[in-house]
Amino acid sequence: MIGNIIKKEFKELFVLSTIIPIVVIAIVYGSVGNMIGNIGETMKEKPVIGIVDMDDGTFSDIAMSVLTDRAEIIYEGSDVEEGLEGVRKENGVALLVIPENFDQNIHDNNPGEIEIYWIMRGVGMMDSISSGTVEGLIQAVNQEISKTLIQQDSSSDPALVLAPTTRIETTFFKGKEIEGVSPGALGNMLMSQSIVIPIVVMMLIIMAGSSVISSMGLEKENKTLETLLTMPVRRSHIVIGKMVGSALVGMIMAAIYMIGFSRYMASFQSSGVNLADFGLALGIQDYLLVGISLFTALLAGLALCIVLGTFAKNYRSAQALIFPITALALISAFIVMFKDFDTIPIALRLLVFAIPFTHPMMAMRALMLDNYSLVIGGIAYTAVFTVVMVGIAVRIFNSDRLLTGTVTKRVGLRRLVWGLRR
Amino acid sequence: MRKIISYLPEEAGAYKNLRGKEYLNFIAKFFGEGEKSYDMVQRGLEIANLRERINDKVDTYSKGMTRRLLVGRALMANPKLAILDEPTSGLDVVNAQEVRRIINGAVEAGTAVLLSSHNMLEVELLCQRIALINDGIIIASGTAAELKKEYDAGNIEEAFVKAIR
């Protein structure tokens with residue numbers, strides 16, 4: 001008896017329309033994972049650094065010995081500018097400078113200064129792994145100097161033994177020179193751009209998309225679509241009306257979500273940091289661009305959802321059709337969170353650019369770094385994507401497909417344009 | 001064209017989260033605004049004749065009530081031609097009779113009704129001209145009296161069976 005019911009349930013639920021989206025998601029996630037790389041392997045790799053040693057004392061020699069042993073040195077010399085150039089060229093993480101008075105300071109019971117010039121390439125979570133390994137190097141240097149201090153002179157200041165060096169940090173990040181901030185601190189400052197915005201945009205797309213696909217499913221299930229299509233109203237108005245209505249619902253839901261989530265994320269962020277101090281503040285025109293980017297991406301997502309919604313037979317099948325949208329939004333959000341657009345492989349970069357939802361996720365961070373071409377290019381691409389999708393949707397609405405479930409004519413570009421005008 | 005032709009599909013539904021009157025308002029706004037829309041809704045209310053239940057959500061309507069609402073929707077715009085597909089299919093006797101009364105009223109008011117039905121007795125009762133269709137082809141047409149005479153039948157159902165043999 002039970003077996004009979006299990007068999008019936010399985011057959012009812014295990015159908016192509018539910019399996020295909022899951023398989024596609026699994027394949028895409030697997031490919032994205034392979035392209036991004038392995039965190040463990042990255043952490044095992046020796047950090048690539050340059051060293052400028054201007055001192056010639058016992059402690060600087062200890063520091064040099066630790067650094068050369070545990071890192072891949074791509075520059076070793078006495079010229080900071082030359083060192084920076086070398087590190088940049090070889091995709092290094094940082095240039096460590098041991099100044100002239102390093103040894104003397106420690107002998108005088110003062111911490112020795114190490115100047116660190118960070119070359120930061122991205123603010124994604126995985127972009128900070130390599131800088132984290134350099135942080136580990138500094139710890140190792142400190143440990144070796146502490147050991148020597150204890151062995152040599154038991155009368156050393158305990159505070160100096162515990163922290164024999166201090167750092168003077170400068171981070172070079174996409175053309176900006178930010179003094180006194182490490183990549184980790186900068187990453188923390190930009191956490192809201194790296195995590196909150198991608199998640200909120202993702203939720204907005206999923207919620208609004210879900211509304212429009214469900215609406216299409218309900219229209220089919222309740223047999224209201226046929227009546228709507230006989231009304232004296234342009235089909236393009238039906239498509240746009242559905243899109244805008246769903247966009248409003250999605251925005252309200254995302255706003256409610258954002259209030260709770262931003263408060264949650266605020267608890268992880270360092271307080272009292274003013275981004276304007278580091279030249280990272282946004283102006284009104286920047287916020288306007290972020291808004292346009294978000295709006296066009298939302299329309300693009302909804303237009304895509306309407307096209308998918310036309311395949312819905314009822315409310316239940318509509319739920320399955322939301323999967324591709326959810327998957328695309330998730331992929332965009334995760335990639336933006338973990339990696340910077342500029343630090344991902346080219347194939348993945350193309351994929352990320354092709355997903356319209358990625359652009360508002362990246363927009364604020366890109367504008368902070370004056371990367372206007374990425375944002376404006378993204379808006380232009382998303383707008384074109386939207387127009388094409390709306391064209392396809394209008395064409396489908398103008399055809400018999402919604403009523404008969406079959407396509408009778410090929411959809412050509414000229415017909416798409418014609419469909420939009422109708 | 002869509003302003004003068006009205007179509008009621010066999011399995012049509014109404015938006016379940018709307019109230020009956022809200023649904024008529026929603027549809028009327030496609031045909032005009034202001035007084036025109038108001039008059040149309042009043043006509044729809046009169047045709048559907050759902051009394052106080054018109055202010056309830058469509059979700060709470062019986063099949064017959066939903067059908068009356070939809071017939072009201074289809075005829076309230078005073079179309080020149082109304083295409084009604086199986087307008088009384090699945091309805092109880094009382095509701096079916098009410099829908100037929102509405103259709104007759106629309107015809108008297110000047111609307112041409114193209115009615116499609118498998119219920120031959122209903123066709124005979126409502127239609128001035130009848131076309132018998134088999135496998136998508138019109139096999140005979142005329143008034144009820146002409147068809148019955150042609151096939152020597154007591155009613156249109158019998159005439160249809162004889163016509164396809």
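All heavy atoms count here, side chains included; hydrogens, waters and symmetry mates do not. Just so we're on the same page: letters track the sequence lines, and every chain starts at 1.
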J.: Hey, what do you get for CZ (B:F31) to CE (A:M231), rounding to the nearest 0.5 Å?
T.: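 Interatomic distance, B:F31 CZ to A:M231 CE, rounded to 0.5 Å: 4.5 Å.
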
J.: Mind checking whether B:F26 and B:F30 have parallel, tilted or perpendicular rings, split at 30° and 60°?
T.: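 Taking B:F30 first and then B:F26, their aromatic rings stand perpendicular (interplane angle over 60°).
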
J.: Is B:K148 paired with B:E124 through a side-chain N to carboxylate O contact shorter than 4.0 Å?
T.: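 Looking at B:K148 together with B:E124, the answer is yes, because their closest N to O distance falls below 4.0 Å.
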
J.: If the threshold is 4.0 Å, N to carboxylate O, is there a salt bridge linking B:K149 and B:E146?
T.: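 Looking at B:E146 together with B:K149, the answer is no, because their closest N to O distance does not fall below 4.0 Å.
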
J.: Okay, side chain of B:T111, backbone of B:V107: is any donor-acceptor separation there less than 3.5 Å?
T.: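 Such a contact is absent between B:T111 side chain and B:V107 backbone.
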
J.: How far apart are the closest heavy atoms of B:P79 and B:I4, and which atoms are they?
T.: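 In this case the closest contact between B:P79 and B:I4 is CB-O, 3.4 Å.
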
J.: Under the side-chain hydrogen bond (donor to acceptor under 3.5 Å, both in side chains) criterion, do B:E22 and B:Y15 qualify, and how do the steps go?
T.: CA-CA 10 Å; B:E22 285 172 346; B:Y15 297 103; over 6 Å; no

J.: Any residues in residues 36-68 of chain B near chain A, with a heavy-atom distance under 4.5 Å, and which are they?
T.: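 Against chain A, none of the residues of residues 36-68 of chain B fall inside the cut-off of heavy atoms under 4.5 Å.
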
J.: Indicate whether the side chain of B:T143 and that of B:Q128 have a donor and an acceptor atom separated by less than 3.5 Å.
T.: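 Their side chains do not contain a donor-acceptor pair, so the 3.5 Å distance test is not met.
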
J.: So which part of B:A14 gets closer than 4.5 Å to some heavy atom of chain A, the side chain, the backbone, both or neither?
T.: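 Contact with chain A involves the backbone of B:A14 alone.
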
J.: Does the side chain of B:I103 reach to within under 4.5 Å of the side chain of B:P87, using non-hydrogen atoms?
T.: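 Heavy-atom side-chain distance check passes, below 4.5 Å.
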
J.: When rounded to the nearest 0.5 angstrom, what distance separates CE in A:M202 from CD1 in A:I197?
T.: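 So the CE of A:M202 and the CD1 of A:I197 are separated by 14.0 Å.
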
J.: Measuring heavy-atom distances to chain B, does A:E221 have an atom under 4.5 Å in its side chain, in its backbone, in both, or in neither?
T.: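 A:E221 has no heavy atom closer than 4.5 Å to chain B.
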
J.: Report, in residue-number order, which members of residues 153-165 of chain B are under 4.5 Å from chain A by heavy-atom distance.
T.: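 Expected list: none.
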
